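Worth knowing before you read on, the calculation uses all heavy atoms, side chains too, and leaves out hydrogens, waters and symmetry mates. The chain is numbered in sequence order, starting from 1. Atoms within a ligand are numbered from 1 in the order they appear, just like the ligands themselves. Please read these numbers as outputs of a predicted model, since none were measured by experiment.
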Amino acid sequence: MRFDDFGLIEPILQAIEQEGYTDPTPIQVEAIPHVMTGGDLLGCAQTGTGKTAAFALPILHRLATHPHPNKKQDKHNARPIRTLVLSPTRELAAQIGDSFKAYGRNTGLKHTVVYGGVKQGPQTNALKKGVDILVATPGRLLDLMGQGHIHLGSVEIFVLDEADRMLDMGFINDIWRVVAELPKKRQTLFFSATMPFNIQTLANSILTEPIEVRLATEAPAAETVSQRIFLVERANKRALLEHLLKEENIVRALVFTRTKLGADRVVQYLTRKNLRAEAIHSDKAQNMRMRALENFKSGRTPILIASDIAARGIDIDDISHVFNFDMPNEPEVYIHRIGRTGRAGQTGVAYSFCSLEERLQLDEVEELLGQTIETLNDHPFPSPLPRAAKRDDKPKATGLYSHRRPSKRRRL
Ligand code: AMP
């Protein structure tokens with residue numbers, strides 16, 4: 001299957017070529033033809049699978065080929081909002097906006113992105129000029145709707161992205177408030193990396209006869225990411241990180257710490273050791289986070305220390321190394337973290353630091369993966385207690401989510 005086979009209009013095909021894409025990804029193969037014909041979609045796919053293009057390309061096609069029927073009758077705006085994309089985080093919203101910009105560059109369709117934590121003036125100015133596509137985080141969207149800057153009565157296509165993260169972040173009531181303002185007759189596209197019961201329930205209530213696209217996430221990046229565990233005590237983790245960062249051929253390294261304070265301390269330590277690093281987490285002001293992300297993207301700062309929530313959805317292809325400076329509390333988070341590298345067909349490296357206190361978490365990760373990760377203790381900061389020989393009777397997981405423990409989801 002090639003992009004030409006979908007019947008997308010020429011300006012979109014040109015943009016795809018300009019992006020350098022040759023073949024559609026599996027989710028694009030499934031989703032694009034269906035979305036082009038106006039059908040609802042339930043997509044179970046993570047960031048990194050090409051899901052943004054899977055919805056953005058057919059949306060642009062539909063908007064360009066089906067001009068708004070009653071443009072003149074829209075009492076609020078000459079150019080009504082025809083597509084609303086709801087995203088949990090500012091970073092992801094900005095990335096989706098960038099995708100619409102890139103794929104829609106030859107179509108003449110207009111888009112804008114609204115999110116909180118920044119002044120609303122530039123956003124309301126863009127809205128006044130009129131946009132076909134609005135990408136928004138829930139809080140700022142509702143705020144601007146309340147002030148009368150946004151009207152959703154003309155929305156034809158509604159996209160809910162990263163629904164599981166939305167619920168984790170406590171946005172469920174906001175989602176319902178937004179859905180209540182949307183026309184009943186619309187196309188809805190719903191994406192979530194995981195499909196627990198509450199997400200399925202939400203999907204059932206806002207979708208109409210959707211097709212379901214579930215990507216085989218059973219082998220998440222496992223083929224392209226080489227994983228290693230370093231047994232190391234907590235006090236030596238920073239020195240080990242410094243050692244590996246200096247030893248290895250790092251293009252871009254994303255380092256996950258358990259706490260925000262921990263992230264800041266790692267940055268301070270690496271800076272003292274003449275390594276350029278910045279932290280991105282929710283205590284940082286929005287402009288600082290954006291700047292850190294830009295510096296990371298451009299390569300000016302090759303090391304980014306992140307909390308899980310801030311890093312979710314970071315869409316940067318050339319991350320050569322992911323470091324789990326701390327083991328994650330939830331084994332599923334490990335999968336999300338290492339999925340930041342080895343993307344778009346490239347290879348990646350995921351190193352995890354495991355202290356004595358974290359060995360249980362390591363067991364849980366391996367159980368979820370259904371495989372044993374190579375464990376190293378012959379490095380400059382070995383743990384005094386090497387890992388016991390592996391048990392052969394470890395239950396093998398058949399699929400990634402088949403060993404989910406009873407959920408104890410936290411509000412992140
Ligand atoms: P996403 O899952 O939407 O976050 O996309 C992950 C990355 O894959 C993005 O950097 C896209 O630019 C890239 N991408 C999307 N579709 C394709 C494709 N068909 N071929 C190559 N790269 C792609």
Next item on the list: Please identify which atoms of ligand 1 are closer than 4.0 Å to at least one heavy atom of F3.
Entry: 19 (N)
Margin query: If you take the centroid of each ring, where Trp contributes its six-membered ring, are F230 and Y351 closer together than 6.0 Å?
Written below: yes
Next item on the list: Please could you name the atoms of ligand 1 that K51 approaches to less than 4.0 Å, counting only its heavy atoms?
Entry: 1 (P), 2 (O), 3 (O)
Margin query: Looking only at the side chains, is there a donor atom on one of Q120 and D143 sitting less than 3.5 Å from an acceptor on the other?
Written below: no
Margin query: Does ligand 1 come near enough to T22 that some N or O of the ligand is less than 3.5 Å from an N or O of the residue?
Written below: no
Notebook entry, point to check: Is there a donor-acceptor contact under 3.5 Å linking the side chains of N295 and E278?
Noted result: yes
Notebook entry, point to check: Is the gap between the ring centers of F325 and F256 under 6.0 Å?
Noted result: no
Margin query: Out of all atoms in ligand 1, which are within 4.0 Å of some heavy atom of P24? Include the element for each.
Written below: 19 (N)
Check: Taking only heavy atoms of T52, which atoms of ligand 1 are found under 4.0 Å from at least one of them?
Finding: 1 (P), 3 (O), 4 (O)
Notebook entry, point to check: Heavy atom of D23 under 4.0 Å from ligand 1?
Noted result: yes
Check: Is there any N or O on G50 that sits under 3.5 Å from an N or O of ligand 1?
Finding: yes
Notebook entry, point to check: Of the non-hydrogen atoms in Y103 and A15, which two are nearest, and what is the gap between them?
Noted result: O-CB, 3.4 Å
